[in-house]
Each structure stands twice: as structure tokens, then as C-alpha cells.
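Here the structure is laid out as C-alpha cells; the discussion comes afterwards.
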2 protein chains.
Amino acid sequence: MNIQSQSRKGRKFDQVIDGARNIFLSEGFEGASVDVIARQAGVSKATLYSYFPDKQALFMAVLNQECDVQRRAQMDIEFLQRDVRDALRHLAYSMLEFLMSDEGVSIFRVCVAEAQRFPELGRAFYETGPSTAMSHVAGYLSTPKVGTALDIDDPRKAADLFMKLCRGDLMLRRLLCVSSQATHEEVSEAADEVVETFMARYRKA
Amino acid sequence: MNIQSQSRKGRKFDQVIDGARNIFLSEGFEGASVDVIARQAGVSKATLYSYFPDKQALFMAVLNQECDVQRRAQMDIEFLQRDVRDALRHLAYSMLEFLMSDEGVSIFRVCVAEAQRFPELGRAFYETGPSTAMSHVAGYLSTPKVGTALDIDDPRKAADLFMKLCRGDLMLRRLLCVSSQATHEEVSEAADEVVETFMARYRKA
DNA sequence: CAAAAACTGAACTGATCGGTTTACACTTCC
DNA sequence: GGAAGTGTAAACCGATCAGTTCAGTTTTTG
């Protein structure tokens, strides 16, 4: 796929990352064995170790890439044009869709689990994920258009509220494997509730 | 301490549980070695295995006990008497104090991390922890006294909102080891914000 | 086509894992 | 004081772990 990585790092680099992601995200760091990763990647263990000095480096490489994915998956631009309520609804919906997806849940789970063991990891995840998402939301909430509809004094605090509203019981149940993937209806309903509460908090006096 | 467990299960039962809790909560299931647990507990490995058939049973025993602690740590009763705003503030503060404590963070971290590997665990934690807490809050929000101050149609949904408001950026940063334990001022300020937003959402029309 | 580079499979190392066994010591209680 | 019950330390087991080595095969490249 990636020409640069193929020429610089060998033909099977992407395979290794993909296999490692699958295993790490479902088994965690300690739970994932290098032999299993190599088998899943369709690659010999020697090849794997020609790319990465050790298991920990491979782990960090996988999660750094996942953080980038997360960052790139952020909001489309055209929603800015819409009516404020519609824009917020769209924002809440797409955020919930990501948070509730298999990938979103897995990344979060692993990062929380290993944050103590790998201090850089927790910080990197927080900054590329929740923190930049919050900044984007705060940026949108600072636009004049939003100012005409809502009375927001502290956009960062307001953005924090918006994110909080997205992380409700639905997500908690997902994280703890109490319920499986939510339906689109549930997500949509949750998004409605997010917007309703948010606008109630910041409506013009 | 516990006479029953001493007589039934041997003198060092509580030591084993305590040591195991320390190690499991900081290292996770896979990361914790039985030898280290035994050393931490000040007990021989043979003794440990005379109490528990295997590592997994010990793990579940520790976390079942922790779930009980969590349940018992729930709200005092006398706050019901107060002014609604004060009561909610007290509720938010004590909930935040627990969520942000070393113990609260550790339990949550481990349960999220191992929920996939131990399906019963995630459910048990959810039900003894967040779910019963939410029920208690919902119960309070259904009282006539609250009804005079707020216009709540769906107490469970309102309780979910209340919990959501408690799990904000502050807790996320704690979970991901971005920042260490919060000051009482930060917690107190966060509790104020919880109440303000909650009452704005459900104030009488 | 030939040399260089990438990859393979399998054997291997030394360490650690969960769990068992053994031979011995300390309490407790009749 | 002598069992019976409880705990200990350390050796031990087979399995698995992360990581290395190597002789040989495949792919790329010029």
C-alpha cells in the first residue's frame, strides 16, 4: 500500500503492523504473544524482529498509528455550514459512532489498561484523541455562527461538557462487555439527547 | 480481622487477598505473577494455592470483594434531608472523590482491561458499581422533594446524565495517567459544574 | 541471469510462568 | 506431650515466553 514504507522498510512491514494491531487490541500487551502475532501477520518471527527491536517497540508503533487514524477520523468540514442544532447533532452522532465502534472501544481499552506500564502511551493517546477532538469542538463553539444561537462563555469547558455527554451509560456498557455493539437507533437517540442537554445548558438567557 | 474467614479458611487468608489486590490492581491479570503476589502477601506460594485452586479464582475473589467495597462506599442517607441543590452537590462531590481516588481508578482500569477475558467480571463490576449507583441516584431523583425543584420526566435518564457529568476530562486524564491525583479544589469545582449543568437541564419550565 | 536483499521455518537459549511436591517447622488443642 | 492442622522454603515440572541464530528459499534489482 504505502510505497515509502515498502521501499524503506521491506515488503511485509504493513502486514506486521496489521497483525500486531489485531492481536494487541484484542489481547492487550502482556496477553499477546509474539509468535501469535507473527502467525496472524503471515510472517516469520525473524522478519518481525528485523523491523522492530522488541515487543514493546512494536506495541508503540501500532498504537502510534492508531492514534493517527483516530486523529484523521475526525469531523468533516461541511457540517460547519449547517444550522447549529443540526451541526451539533451531526457532531455528536459521528463521535458516538467512533466511540462505540469495535476499533474505538479496543483502542480505548488497551490504552487505559497499559497507561501505567507505558506512561508515554496514555499521554499520546489522550493528546491525539480526546484532547484534539475537544479542541476541535471548542474551536467550532467559538465561531460567530454558534454565538448567535448559544451563550457560551468558556468554549473549552463547553466542549468538555459536549464530550462528557457522549460518554454515557451506553459506552460504559460497551467497555465492560455488558452489551454488544449498539444499534444505529440507539446511537441516534443518544445523539439527540446529547444535543438537547447541551443546548439547554448554553441557551441564550 | 474477619473471624469467620480466619476460622474457616486459615490464618493468612486476608493477607493473601490484600497482597493479591495490590498486585492485580497495579499490574493487571496477565501482568501479575503469582510468585510476586505471594511475596507481597508475605505468604508461601503453597499456602496461596491451598486457598485458591488457581490464579483466575484468586483474581475473581479479589475483584468480587472490591465490587462489594464499591457498593458499600455508596452515599450516606442524611443528604436526602437537605436542600436539593446542596444534596446534589454533596452527591456529585462524593461520587467524584471515589471515581478519582487511586482505588477507584485502579478497579475501573483493571475491569475494563480484563472484561473481554473474563466476561462475568465486566458485568459484575457494572452491576455492583455504576449500575447500582445510577439506581440510587434515580431513586433520589424520583422523590417528591426533588419534584418540587426540578422537572424530571425520566429519572433513569436523568441519573445517567448525572453520572455522565461526573465522568469528565478530569477522570479521563486520570485514567490515562496524563495527570496525577486531582486536588480537592479541582474536584469541588468539577462538582459545582455538574450541579449547575444538571439543574439547567431539568429546571422547571 | 546473477548478485543482493528480503524472507522463511525451525531449532535454540535462558528466563519466567502457573502450579505441584516434599520435607520440615510452628501452632493449637485435647 | 503428642497429634492434627497450618504454614514454610525450595526444588521441581512442563509449558510458554521474548528474542536469536542459521541454513536455505524467494523476491527484487541492475
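Naming: A, B, ... by sequence-line order, numbering from 1 per chain.
Salt bridge annotation for B/Asp160-B/Lys157: absent, with no cationic side-chain nitrogen under 4.0 angstrom from a carboxylate oxygen. Ion pairing between B/Asp102 and B/Arg174 holds under the 4.0 Å rule for side-chain N and carboxylate O.
Atom-to-atom, CG of B/Leu48 to P of C/dG19 comes out at 10 Å; the value is rounded to the nearest Å. At whole-Å resolution of the value, CD in B/Gln15 and P in D/dG7 are 9 Å apart. B/Leu58 places its CG atom 11 Å from the P atom of C/dG18, with the value rounded to the nearest Å. Protein atom CZ of B/Phe52 is 12 Å distant from nucleotide atom P of D/dG7, rounded to whole Å. One atom, CD of B/Gln56, and another, C1' of C/dC17, lie 16 Å apart when rounded to the nearest Å.
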Check your understanding: Please walk me through it: do A/Tyr93 and A/Leu96 pass side-chain contact (heavy atoms from CB on, under 4.5 Å)?
Key -> CA-CA 5 Å; A/Tyr93 184 82; A/Leu96 276 165; 5.9 Å; no

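A close approach under 4.0 Å does not occur between any side-chain nitrogen or oxygen of A/Tyr51 and OP1 or OP2 of C/dA6. At least one side-chain nitrogen or oxygen of A/Lys12 sits closer than 4.0 Å to the OP1 or OP2 atom of C/dT8. B/Tyr49 has no side-chain polar atom (N or O) that falls below the 4.0 Å cut-off from OP1 or OP2 of C/dT21. Residue B/Lys55 places none of its side-chain N or O atoms closer than 4.0 Å to OP1 or OP2 of C/dC17.
The side-chain heavy atoms of A/Asp169 and B/Met163, taken from C-beta on, include no pair separated by under 4.5 Å. Here the side chains of B/Thr197 and B/Arg201 are not in contact, with every heavy-atom distance at 4.5 Å or above. For the pair A/Leu88 and A/Met199, the minimum side-chain heavy-atom distance is below 4.5 Å.
Using a distance-only test at 3.5 Å, with no hydrogens or angles considered, a donor-acceptor pair links the side chain of B/Ser101 to the main chain of B/Phe98.
Within the 6.0 Å centre-distance limit, the rings of B/Phe118 and B/Phe59 are counted as a close aromatic pair.
Annotation: proximity of residues 22-34 of chain A to DNA chain C (heavy atom, distance under 4.0 Å) is found for no residue. Near DNA chain D, defined here as any heavy-atom distance below 4.0 Å, the residues from residues 35-47 of chain A are A/Lys45, A/Ala46, listed numerically.
Shown here are the side-chain hydrogen bond (donor to acceptor under 3.5 Å, both in side chains) partners of A/Arg117, two or more places apart in sequence or in another chain: A/Glu30, A/Glu114.
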